[in-house]
Every structure is written in C-alpha cells, then in structure tokens.
Amino acid sequence: MSDPANISVLAICGSLRQGSYNMATLRAAIAAKPADMTVSIADISAIPLYNEDVRAQGFPGPVETLRQQIRMADALLIACPEYNYSMTGVLKNAIDWASRPPEQPFAGKPLAIIGAAAGMAGSARAQYDLRRSCVFLDLHPLNKPEVLIGQAQNKFDSDGNLTDAVARDLLRDLMANLAIWTRLIAKKA
Ligand SMILES: Cc1cc2nc3c(=O)[nH]c(=O)nc-3n(C[C@H](O)[C@H](O)[C@H](O)COP(=O)(O)O)c2cc1C
C-alpha cells in the first residue's frame with residue numbers, strides 16, 4: 001500500500017447500460033465506504049473484443065489504462081451483473097484483456113464483489129463464476145458479506161438510489177471489511 005492511511009480502490013462495473021442497477025449499486029457502495037478509502041470507477045466501455053492477434057501488436061489504449069489503474073489500486077471492487085446465469089461478456093472481456101502477461105496486474109489484489117439482477121438470486125451465479133476466475137487470476141476475494149440484490153427493479157428509486165435498507169447495511173459492512181481485508185493482505189505480502 002503506497003499510503004497506509006488511505007486505501008485506494010478501483011471499481012469496475014460489468015454493465016455499460018445507462019440506467020444500470022449495478023452501477024447504481026456501485027454508487028451506493030461508494031456512499032457507504034469508510035472515510036479512509038477512496039474509490040474511482042474504471043471506464044471499460046471502449047475496450048475492444050479480445051483478439052490474441054491484436055494483443056500481439058500491443059495492448060489497445062483503453063486496456064493499458066485499465067491495467068495501469070489495477071496496478072495502482074490497493075484493492076478492487078467489481079459490480080457483477082448476471083447474464084444467462086454467468087457474468088456479462090463485457091466484464092469477462094475486460095478481465096481477459098487486463099489479465100494477459102507481462103505482469104498480470106490482478107495477482108495478489110484484494111477484491112470485493114457486489115451485484116444486482118432482475119432474478120431472485122441477485123446475480124449469485126454470476127458472482128460465483130467470477131469467484132472461480134479469481135483462482136486463476138490470483139485475486140483474493142472477500143467472502144462476507146455477500147451482496148446479492150435480487151429483483152433489482154424493486155430496490156432502486158427512479159434516480160437510481162438504493163432504497164433497500166438491508167442492502168445498504170450490507171454494502172456498509174462490505175466496504176468496512178474490504179478495508180480490514182486490504183490491510184491484512186498488505187501486512188502479509
Ligand atoms: C442477455 C441477458 C441475460 C440475462 N440473464 C439473466 C440471468 O441469468 N439472471 C438474472 O437474474 N437476470 C438476467 N437478466 C436480467 C438482468 O439481471 C437485468 O437486465 C439487469 O438490469 C442487468 O444489470 P444492469 O441493470 O446493471 O444492466 C438478463 C438480461 C440480459 C440482457
């Protein structure tokens with residue numbers, strides 16, 4: 001950690017949709033963060049579809065930016081929507097690009113995962129797929145609390161504010177635990 005008094009978190013949202021519930025969940029997480037944490041949100045909208053031939057020519061600009069942002073962050077926060085019982089192509093594509101050598105930037109980073117979905121399971125299946133990828137990426141995902149916002153269409157107001165008090169409390173606990181988890185991992189590194 002470059003500054004032990006402040007934890008810098010890079011947030012990534014797996015939905016590009018203007019009115020995304022996952023982006024709204026990210027905003028609610030930022031509102032609930034501890035004072036000694038700063039969170040910036042990555043823009044993954046310009047990342048092209050992964051193509052090994054393109055990578056052989058060098059990382060495209062938006063990928064290089066993301067890789068650098070990941071490298072600089074003390075921890076990551078991913079908002080993980082669910083498409084067809086898995087993570088979105090947009091999120092997986094960004095992870096695939098950023099994960100390529102040299103200097104795989106995810107290795108050793110603490111991570112918190114949140115998600116909102118229309119279904120009852122609140123993106124649980126997508127989040128568990130993301131957790132599976134964490135093994136290969138050598139990320140350290142925080143286990144608890146799980147933030148699974150089901151029936152998201154009923155949990156936000158028309159301005160995108162999270163109206164569900166239980167979910168807001170979970171986000172506050174998650175962000176506090178992410179700070180503890182990040183310091184613990186930094187101490188062991
Ligand atoms: C291609 C596609 C597949 C979807 N599959 C699921 C699914 O497996 N489970 C679920 O709960 N919702 C599913 N949904 C609904 C999403 O949860 C919903 O569109 C949600 O708003 C997406 O997240 P966002 O608001 O952050 O864009 C799907 C939506 C799309 C467009």
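Counting starts at 1 for both ligands and their atoms, in listed order.
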Which protein heavy atom lies closest to atom 21 (O) of ligand 1, and at what distance to 0.1 Å?
-> Tyr21 CD1, 3.4 Å
Counting only heavy atoms not in Arg132, do more than 12 sit closer than 6.0 Å to its CZ atom?
-> no
For atom 22 (C) of ligand 1, find the nearest protein heavy atom and state the residue, atom name and distance (0.1 Å precision).
-> Tyr83 CE1, 4.2 Å
Between Arg125, Glu82, Gln151, which one has a non-hydrogen atom sitting closest to atom 28 (C) of ligand 1?
-> Glu82
Taking the side chain from Asn22 and the backbone from Ser15, do they hold a donor-acceptor pair closer than 3.5 Å?
-> no
Give the single entry among Gln153, Arg17, Gln18, Met23 that approaches atom 25 (O) of ligand 1 most closely by any heavy atom.
-> Arg17
Numbering the atoms of ligand 1 from 1, which are under 4.0 Å from a heavy atom of Asn22?
-> 23 (O), 24 (P), 26 (O)
Atom 5 (N) of ligand 1: nearest protein contact (heavy atom, Å) = Asn84 N, 2.8 Å
Should Ile12 and Leu77 count as side-chain neighbours, where that means a heavy-atom distance under 4.5 Å?
-> no
Record the part of Ser20 in heavy-atom contact with ligand 1 below 4.0 Å; permitted values are side chain, backbone, both and neither.
-> both
Met23 to Ser20 - nearest heavy-atom pair and separation = N-OG, 2.9 Å
In the protein, which heavy atom is nearest to atom 15 (C) of ligand 1, and how far is it?
-> Ala118 CB, 3.9 Å
May I ask you to check if ligand 1 and Gly19 share an N or O to N or O distance below 3.5 Å?
-> no
Spacing of Ser133 atom OG and Met87 atom CE [to the nearest 0.5 Å] = 3.5 Å
Taking distance alone, with no angle check, do Ala116 and ligand 1 share an N/O pair under 3.5 Å?
-> no
Could you find the nearest protein heavy atom to atom 27 (O) of ligand 1 and give me its residue, atom name and distance?
-> Ser15 OG, 2.7 Å
Heavy-atom distance from atom 9 (N) of ligand 1 to the protein below 4.0 Å?
-> yes
If we number the atoms of ligand 1 from 1 as shown, the ones under 4.0 Å from a heavy atom of Gly119 are 10 (C), 11 (O)
Mind checking the CG-CD1 spacing from Leu170 to Ile149? Nearest 0.5 Å is all I need.
-> 8.0 Å
